[in-house]
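The next block holds one structure in the form of structure tokens; read it before the comments.
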Number of protein chains: 2
Amino acid sequence: MKKKIYVHVADDHKILIEGIMAVINTDKEIEITGYSLTGQEVVDWFHVKGNKADVLILDITMPVLDGFEVLKHFAKEKIDQKVIVLSSYDDVKIVQEVLNLGCKGYISKNSAGEHIINAIKAVANGEQYFSNDIQSSLLKSISGQIVPKGDVPDKFLLNSLTERELDVLKLITKEYSSIEIADAMSLSTNTIDTYRKSLLKKLKVKNAVGLAMYAVKNKIV
Amino acid sequence: MKKKIYVHVADDHKILIEGIMAVINTDKEIEITGYSLTGQEVVDWFHVKGNKADVLILDITMPVLDGFEVLKHFAKEKIDQKVIVLSSYDDVKIVQEVLNLGCKGYISKNSAGEHIINAIKAVANGEQYFSNDIQSSLLKSISGQIVPKGDVPDKFLLNSLTERELDVLKLITKEYSSIEIADAMSLSTNTIDTYRKSLLKKLKVKNAVGLAMYAVKNKIV
DNA sequence: AAGCCTTTCACCAAAAATGGTGATGTGTAA
DNA sequence: TTACACATCACCATTTTTGGTGAAAGGCTT
């Protein structure tokens, strides 16, 4: 018999966790070691000595700390945790972002339960895994950019936002104009405009509305 | 042995459906007769002769036709279907709305799976059922008896928007420029700009970001 | 020391949004 | 029938945003 694969599940919807558990329990090779209902619980759990999992199944939208933050935490602490992101969004932007943050698999909640099992086995085995719908979305927008094994290109690695960019973003969502932001932060309008442009580029959105929507989706506001 | 309770489940996330099925299958008294992934599938399913269920478990956020629309359909067609809404939102507004549409139970996805079983039995038995967190939300807003601030005036504002203004608003949240909106709606850019100005005035916000944030707050998007 | 990131600012040009005013046709409610 | 709301468009001026390029100072890492 092969070695067991230990899995931790994080999602704010308990019903979904139970569902995943039920699905996973049909496979003898995989065992759930625990679950978390918030991102904070996840990082706390992994900080307790002795707590570990071969694979972490991680929801993106969670209170307290979302999936992005959890991944950032792992990256910062140089914790080499294999993560499968479980998301409602087929959005390529999100897939790219979590990939850049070191996540190894991505399955949408629309996919069938058996896919989770395949994903877990693949990722535990050092491979990457994407559910079908995600794959086709990916191919459509960035054909050929996926690195098959492990590491992601460094150039995009930190498309995370800087402190000041975040400050500007928050004020943008409050309907501030560049002039008002400059005033509020005691900076030049030119500087604020630089941040705006930087934000647009990093978040790959078209305009201030896109920035605001991003902020909402990621619970920055 | 009691008569079996037949249940139909509707949710766009297959994993969640499987979870619910797994949970429900632990109870001998309840049996799943089928499931749907969109609201359209639900109404179609119930239109097929012979297809029926004692209880329908219905997600609010679904593509093609959302939960609200399904409930409205049942009301319009005078179909007396017992429905339990399963939602991510603890929002009192939503609870009120689905109640008005004839829904008999409401459980949040945050609640444990066993609650579903209790809910199904209660509702099948002609009772109402609300999961604990929903109940406390309800109590909070009722005992505070001041209708949640912002709600009433907002609803007033929302109702004052015309069809076309709403159309434009939706496209604005998708990062469309006026030119793109004009193109999409086959109208003049001048017309779109008129709607933008009208929206700014009616919703009392300063710019497109304000419009987008309003749309988010009021779940227009 | 060399290299990168962040923060800060400037200048220029084009595109877009905002503010105001006004006008037409259509339908509907008082 | 009159009045009002809605959908549609035009023209104007001003402000704001977006896009591109560049650059200097300070910090951190290797």
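Computed from a predicted model, the values in this text were never measured in an experiment.
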Does [X] place a side-chain N or O at less than 4.0 Å from the phosphate oxygens OP1/OP2 of [N]?
{"X": "A:T191", "N": "C:dC9", "answer": "yes"}
{"X": "A:T194", "N": "C:dT8", "answer": "no"}
{"X": "B:N190", "N": "D:dA10", "answer": "yes"}
{"X": "A:Y195", "N": "C:dT8", "answer": "yes"}

Using every non-hydrogen atom in the two residues, find where [X] and [Y] come nearest and quote the distance to one decimal.
{"X": "A:R196", "Y": "A:A208", "result": "NH2-CB, 3.6 Å"}
{"X": "B:N207", "Y": "A:E175", "result": "ND2-O, 3.2 Å"}
{"X": "A:V123", "Y": "A:I84", "result": "CG2-CG1, 3.7 Å"}
{"X": "B:A184", "Y": "B:L171", "result": "CB-CD1, 4.3 Å"}

key: 5' priority, DNA chain C, between B:K201 and B:S178 [closest heavy atom]   =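 It is B:S178 whose nearest nucleotide is closer to the 5' end.
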On DNA chain C, nearest-nucleotide positions of A:S188 versus B:K206: which is more 5'?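 Residue closer to the 5' terminus by nearest nucleotide: A:S188.
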Rounded to whole Å, please give me the gap between [atom1] in [X] and [atom2] in [N].
{"X": "B:I181", "N": "C:dA15", "atom1": "CD1", "atom2": "P", "answer": "18 Å"}
{"X": "B:I192", "N": "C:dT18", "atom1": "CD1", "atom2": "C1'", "answer": "15 Å"}
{"X": "B:E163", "N": "C:dT26", "atom1": "CD", "atom2": "P", "answer": "21 Å"}
{"X": "A:M185", "N": "C:dT8", "atom1": "CE", "atom2": "P", "answer": "6 Å"}
{"X": "B:L166", "N": "D:dC6", "atom1": "CG", "atom2": "P", "answer": "12 Å"}
{"X": "B:R164", "N": "D:dC6", "atom1": "CZ", "atom2": "P", "answer": "14 Å"}
{"X": "A:I179", "N": "D:dT14", "atom1": "CD1", "atom2": "P", "answer": "15 Å"}
{"X": "A:E165", "N": "C:dC5", "atom1": "CD", "atom2": "P", "answer": "12 Å"}

Practice task
Let me know which of A:T191, A:T189, A:D193, A:D183 forms a side chain to side chain donor-acceptor pair (under 3.5 Å) with A:S178.
Solution key: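 Exactly one pass, corresponding to A:D193.
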Where the side chain of [X] is concerned, which of [options] is the nearest nucleotide?
{"X": "B:L187", "options": "D:dT8, D:dT18, C:dT7", "value": "D:dT8"}
{"X": "B:R196", "options": "C:dC9, C:dT18, D:dT18", "value": "C:dT18"}
{"X": "B:K197", "options": "D:dG20, C:dC9, C:dG20", "value": "C:dG20"}

- How bent is the helix from C:dA1-D:dT30 to C:dA30-D:dT1, comparing axes over its five end pairs at each side, to the nearest 10°?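 Rounded value for the end-axis angle: 50°.
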Looking for any heavy atom pair under 4.0 Å, which part of the strands does [X] touch: base, sugar-phosphate only, or nothing?
{"X": "B:S177", "answer": "sugar-phosphate"}
{"X": "B:D193", "answer": "base"}
{"X": "A:T189", "answer": "nothing"}

Under 3.5 Å, side chain of A:E165 to main-chain N/O of A:L161, donor-acceptor pair present?
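No, A:E165 side chain to A:L161 backbone: no donor-acceptor pair under 3.5 Å.
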B:I17 backbone acceptor or donor facing B:D11 side chain under 3.5 Å:
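Not at all, since once roles are kept as given, no pair shorter than 3.5 Å links the two residues.
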request  = Kindly assign one of parallel, tilted or perpendicular to the pair B:F46 and B:F74, based on the angle between their ring planes and the thresholds 30° and 60°.
outcome  =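 Geometry flag for B:F74 against B:F46: perpendicular rings.
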